[in-house]
Amino acid sequence: GIDLYPLIERDLKKGNKVVLVCDREYSRRVNLPDITSVTDFEQVYTSGDKLFLLTADKNSMIVGAQFVFASGIPEYQIYTKYDGIYSADPSDSPFARRLEKIDYDEMLEMCATGYNAVNAYVVELCKKHGVALRILSYYEPDSLGTLIKEVMGVTGLTVKGIIKEPDVAIVSLRNIPDVTGICYKIFKEVSDAGVIVDIINLPASFDGTADMSFTVKKEDLSTVKKVLSRRMDELGFSEIITIDEVAKISVIGAALRLTKGVATKVFEVLRQNNINLMLINTSEIKIAVVIDKKHANVAVEKIHEVFIE
């Protein structure tokens, strides 16, 4: 039911021919002049066109990316439901703000937290080939959308994304023996069970034992408890404690690596709203905190008020 012409009118007026990259079912419903339908990569090299419009599914996005790289097009445009990339999930966060631009690495971090406005593999491909990626809306053809490209300096917003992951669980192991290889043995059990671990917190040991905490998806919690409980004696820890009503909040921005006091501000916002920190994890461009799930929406909103205009 989407009218394609308003989306591509400007390009057609410039004399550019449009390539529509889509799945086969959608291509059968398209009957517009000046548009070539491409449904697989074999057709990419024979189309000979200058510009393209992308709609449809994940596989179509990848075919579209391959077309761009093969044709030497400097910018890849993807049309989606929303008019760009937002600082939080716009379907869940009324305080989310559209971003004018965002770096590849920032976008990949957001994708890793579950923000699915664009496919992470497509972002990786565009980064590898140095192609700018623009996310636009098929409902708002006049919108400029969001530009995703290589690091564009530290001007503008320090923080680009404040993403909530609501379905997280904490696993804590008490009195782990401080011996070489113990972490390998523990996480091999978890990995062999097909579970992906996110944050790991292991403080320094001063008395021969330590307590360790890590996070997993809530749906994997029962599996982790099962595989580690049956090896408790062999691995040497004394107790498994789990908390399943928690959420992870990720604060993302390439400028974090060069900006002082961002973590302090995040922690201050949480303190002012009586939100306790359970776990903390950082990278060059991300600060992640695990908090009580019931406070997640407030945390996202209040951090937005400080960092996002």
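By convention here, the first residue in the shown sequence is residue 1.
The hydrophobic cluster containing Ile308 also contains Met107, counting ILVMFWY residues as joined when their side-chain heavy atoms lie under 4.5 angstrom apart, directly or transitively. Ile243 and Val224 fall into different hydrophobic clusters, where Ile, Leu, Val, Met, Phe, Trp and Tyr are joined by side-chain heavy atoms under 4.5 Å apart, directly or via other members. Cluster membership check: Leu133 shares its hydrophobic cluster with Tyr86, using side-chain heavy-atom separations under 4.5 Å among Ile, Leu, Val, Met, Phe, Trp and Tyr. Placement of Met278 and Val216 in two distinct hydrophobic clusters is found when ILVMFWY residues are connected by side-chain heavy-atom separations under 4.5 Å, directly or transitively.
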Q: Apply the test side chain to side chain contact (heavy atoms under 4.5 Å, CB included) to residues Lys286 and Leu256: give CA-CA distance (whole Å), side-chain angles for both, the deciding distance (0.1 Å), then the verdict.
A: CA-CA 7 Å; Lys286 182 178 74 174; Leu256 265 64; 5.6 Å; no
Q: Might you work through the side chain to side chain contact (heavy atoms under 4.5 Å, CB included) test for Lys225 and Leu221, ending with a clear yes or no?
A: CA-CA 6 Å; Lys225 290 175 67 175; Leu221 183 57; 4.2 Å; yes
(Q) side chain to side chain contact (heavy atoms under 4.5 Å, CB included) for Ile135 and Thr80? Distances and angles first, verdict last. (A) CA-CA 7 Å; Ile135 308 302; Thr80 69; 3.8 Å; yes
Q | Derivation of the salt bridge (Lys or Arg N to Asp or Glu O under 4.0 Å) call for Lys127 and Asp105 | A | CA-CA 9 Å; Lys127 178 181 178 181; Asp105 289 339; 2.5 Å; yes
(Q) Evaluate Ile78 against Val122 for side chain to side chain contact (heavy atoms under 4.5 Å, CB included), listing each step before the verdict. (A) CA-CA 10 Å; Ile78 296 180; Val122 173; 4.2 Å; yes
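Two residues are said to be in side-chain contact when any heavy atoms from C-beta on lie closer than 4.5 Å; Arg174 and Phe237 fail this criterion. Annotation: side chain of Tyr115 is not in contact with side chain of Glu109 (no heavy-atom distance under 4.5 Å). In this structure the side chain of Val171 never reaches within 4.5 angstrom of the side chain of Met212, judged on heavy atoms. Side-chain atoms of Asp167 and Glu219, non-hydrogen and from C-beta on, never get closer than 4.5 Å to each other. By the 4.5 Å heavy-atom criterion applied to side chains, Ile102 and Thr146 are counted as neighbours. Looking only at side-chain heavy atoms (C-beta outward), Thr113 and Ile252 come within less than 4.5 Å of each other. Side-chain contact check for Ile186 versus Arg231: every heavy-atom pair is 4.5 Å or farther apart. Residues Ile275 and Asp292 form no side-chain contact, since every pair of their non-hydrogen atoms from C-beta on lies 4.5 Å or further apart.
How far CD1 of Ile291 is from CG of Leu279: 11.5 Å, rounded to the nearest 0.5 Å. Atom-to-atom distance recorded for Leu235:CG and Leu173:CG is 8.5 Å, nearest 0.5 angstrom. Leu277 contributes atom CG, which lies 5.5 Å from atom CG of Leu270 (distance to the nearest 0.5 angstrom). Note that CD1 of Ile287 and CD1 of Ile280 are 9.5 Å apart. Values are rounded to the nearest 0.5 Å. To the nearest 0.5 Å, atoms CD1 (Ile85) and CG (Leu147) are separated by 11.0 Å. Note that CD1 of Ile163 is 7.0 Å distant from OG of Ser87, once rounded to the nearest 0.5 Å.
For Tyr82 (side chain) and Asp89 (main-chain N/O), no donor-acceptor pair under 3.5 Å exists by modelled atom type. Arg134 places a side-chain N or O within donor-acceptor distance of the main-chain N or O of Leu144, the cut-off being under 3.5 Å. The backbone N or O of Gly145 sits less than 3.5 Å from a side-chain atom of Arg98, completing a donor-acceptor pair. Remark: the backbone N or O of Asn175 is paired with a side-chain donor or acceptor of Asp211 at under 3.5 angstrom. With hydrogens and angles disregarded, a donor-acceptor distance shorter than 3.5 Å links the side chain of Arg97 to the backbone of Phe95. Of the possible polar contacts, none joining the Ser229 side chain to the Lys226 backbone as a donor-acceptor pair under 3.5 Å is found. In this structure, the side chain of Glu106 engages the main chain of Asp103 through a donor-acceptor pair within 3.5 Å.
Other residues, nucleotides and ligands place no more than 12 heavy atoms under 6.0 Å from the NZ atom of Lys217. The environment of CD in Glu100 is sparse: at most 12 heavy-atom neighbours from other residues, nucleotides or ligands sit within 6.0 Å. A 6.0 Å sphere centred on NZ of Lys218 holds more than 12 heavy atoms belonging to other residues, nucleotides or ligands. Counting heavy atoms of neighbouring residues, nucleotides and ligands inside a 6.0 Å radius, atom CG of Asp233 does not exceed 12 of them.
Nearest heavy-atom pair, Ala288 versus Ile199, reported as atom, atom and distance to 0.1 Å: CB-CD1, 4.4 Å. Contact detail for Ala210 and Pro203: the closest heavy-atom pair is CB-O, 4.2 Å. Pairing each heavy atom of Ala299 with each of Ile249, the nearest pair is CB-CG1, 4.4 Å. The two residues Val131 and Tyr104 make their nearest non-hydrogen contact at O-OH, 2.5 Å. Leu202 and Cys183 get closest at one heavy-atom pair: CD2-SG, 3.7 Å. Nearest heavy-atom pair, Leu136 versus Ser143, reported as atom, atom and distance to 0.1 Å: CD2-O, 3.4 Å.
Under 4.0 Å is where a charged nitrogen must lie from a carboxylate oxygen, and between Glu268 and Lys265 no such pair does.
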